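Residue numbers start at 1 and run along the sequence shown. As the structure is a prediction and not an experimental result, all values here were calculated from the model.
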Amino acid sequence: MQELTRLALLGCANAGQDVCTVIDTPALQAASSREQRLLWQAGSLAVYLAAGQRAQTASLPQGAPLDTQAEVPAALHPLLNAAIGGELGGIAPWLVQRLRACGLRLPAQLLPQVLDKQAALETWHTVIGVRGHWLAAHNPSWQRRLDGQLPTQLDEATLQRNWEEGNIDQRRHALATLRKRDPALAREWLLVRLPKERGEPKVALVQALKPGLSLADEPLLESLLDDRNLPVRLAAARLLTLLPESAFRGRMLARAQACLHWQVAAPAQGVLAKLGNLLNKPAPASLRVDLPEDLPKDWERDGLREQSATGLGKRAALLCQLLEHVPPSHWSDLTGLTPAQLLPILAADEWNKALLTGVLDASYRYQDADWGAALMDAYLADNPLLRGDEGKLWACLNDVQREALICQYLRQGSPMPASYGLRGMRTPWPSTLSAAISRAVLADASQPASNDTQRPGFDFSQLSEQLLLHCADDDLPKLGELVALYADRLAQGPLAGQRQYERARLIVALAEAKQTAIKEMPL
């Protein structure tokens, strides 16, 4: 083939000899020119080479090491196969958590299915066991996918290698892991690495300092406030504001107090005080906001900006950013008023949008449940200044507040806002919440079909699916009536609607899958 290629590049007319006959065929013998003979030779040779390959000598690989983890029971193999294939909705994370809690690994026959798909590997890589890693090592594409996953444990050598040679996700994971073992060494690593980083990777490494954040990190973070990259400065500022004793927090607090001037009258005494508390009426108070006309240089160094994405004016945006760095409980302590008493004062001020947005952002950042509850009450009272911030409002609430509000919405027949609140609930969901959701689904199903057009469009089957995925093990048997509802729909067949039929099939399958998994893998 090399000789044929040489002749093709040189040109048959320039060659001093005829085309050598590597393969002799009748068509080749009939060719009347060098060019025809060259083409027939090359074409014939390409076909012959593609028809087969000479066997190569190879040695058998060393067998897989012994896996100390037990394999899942055989009764669960079909269920796991369906879950890996995406046939059981969102049950895969729950199953992985269950396998890990029981110290089990996937069966060997399912490993190729997991290793061959990136999405499946991202979910299941922690339960592939020793054999899964051994198998991946014999397939380069599988090994590349597996290398992209973040391991749950790292030895010292792997930790060092991932930090020095890994991608940004691996470096960030290595830094977070080292901070748990040796925070001082992690800072040393970061001090050496950060000057070499640019853009988003640098921001990601700074953000990785959040777990285990302490005052020992303050000098490093303060130095990053002088970085040329604005996102890096903002990331450092967000971490410094989480350190109550940091100089940064003190600077922000002093600036905020210089801009917000509170005047609170002496509290009422006796009967008047009791009546005011009963009516939740705020004590006489006033607020005056005094903002600088231009952004001071030292404010800019600490991450405050003239322009903001809040849609506010320049000075209003500055006020909003400033309040975001101050724990909202500070204003309660300063004035002696509750959040519910302070919010009407903020809402009545000419800077009300910036004030409410700022304290909401601060409540979200510092996870202040008292202020979160007061802000949610104001939102439910249809305060227009808080519209569009539902996600942050829900995130400010603690689990008890969130559950109470979700149940309230469900009792009122308002499943849509309840579904927003469910997104942040810890799992497994409390029994009272599971019962409230089940009642809401059954109540909706009992409504006459003629009323469907009068009720807001909401897919209760999605709520049912989430309930089955997130309910506690002991609550699953209590959902028999709900599952029976979808079993009846499944028995009716797809005549009532293909989508409804498929949703019913999924929900019934989920219930059966969880029951089987709980039975075979008891905790």
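Qualifying ring-ring contact (aromatic ring centres under 6.0 Å, His included) partners for Trp94, counting only residues two or more places apart in sequence or in other chains: none. Partners of Glu197 by salt bridge (Lys or Arg N to Asp or Glu O under 4.0 Å), not counting sequence neighbours, listed by chain and number: Arg171, Arg193. By the salt bridge (Lys or Arg N to Asp or Glu O under 4.0 Å) test, Arg505 is found to be paired with Glu502, residues two or more places apart in sequence or in another chain being considered. In this view, Glu222 and Glu218, Leu225, Leu240, Ala247, Phe248, Arg251, Arg301 satisfy the side-chain contact (heavy atoms from CB on, under 4.5 Å) rule, not counting sequence neighbours. With sequence neighbours excluded, the residues satisfying salt bridge (Lys or Arg N to Asp or Glu O under 4.0 Å) with Arg98 are Asp473. Taking Lys478 as the reference, Asp475 meet the salt bridge (Lys or Arg N to Asp or Glu O under 4.0 Å) condition, with sequence neighbours excluded. Remark: Glu465 pairs with Arg503 by the side-chain hydrogen bond (donor to acceptor under 3.5 Å, both in side chains) rule, at least two apart or across chains.
The stretch residues 69-85 participates, sequence neighbours left out, in these salt bridge (Lys or Arg N to Asp or Glu O under 4.0 Å) pairs: Glu71-Arg105. Pairs of residues two or more places apart, or lying in two chains, never qualify as side chain to side chain donor-acceptor pair (under 3.5 Å) while including a residue from residues 507-523. Applying the ring pair (Phe, Tyr, Trp, His ring centres under 6.0 Å) test to residues at least two apart or on different chains, the pairs with a partner in residues 404-445 are Trp429-His470. For residues 366-406, no residue pair satisfies the ring pair (Phe, Tyr, Trp, His ring centres under 6.0 Å) rule, not counting sequence neighbours.
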Residues 199-209 side chain polar contacts: donor-acceptor under 3.5 Å, at least two apart:
from   : atom 1 : to     : atom 2 : distance (Å)
Lys202 : NZ     : Asp227 : OD2    : 2.5

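Atom CG of Asp368 sits about 8.0 Å away from atom SG of Cys396, to the nearest 0.5 Å. Taking CG from Leu99 and CG from Leu106, the interatomic distance works out to 6.0 Å, rounded to the nearest 0.5 Å.
His125 places a side-chain N or O within 3.5 Å of a backbone atom of Glu122 that can act as its donor or acceptor partner.
Atom CG of Asn81 sits in a crowded spot, with more than 12 heavy atoms from other residues, nucleotides or ligands closer than 6.0 Å.
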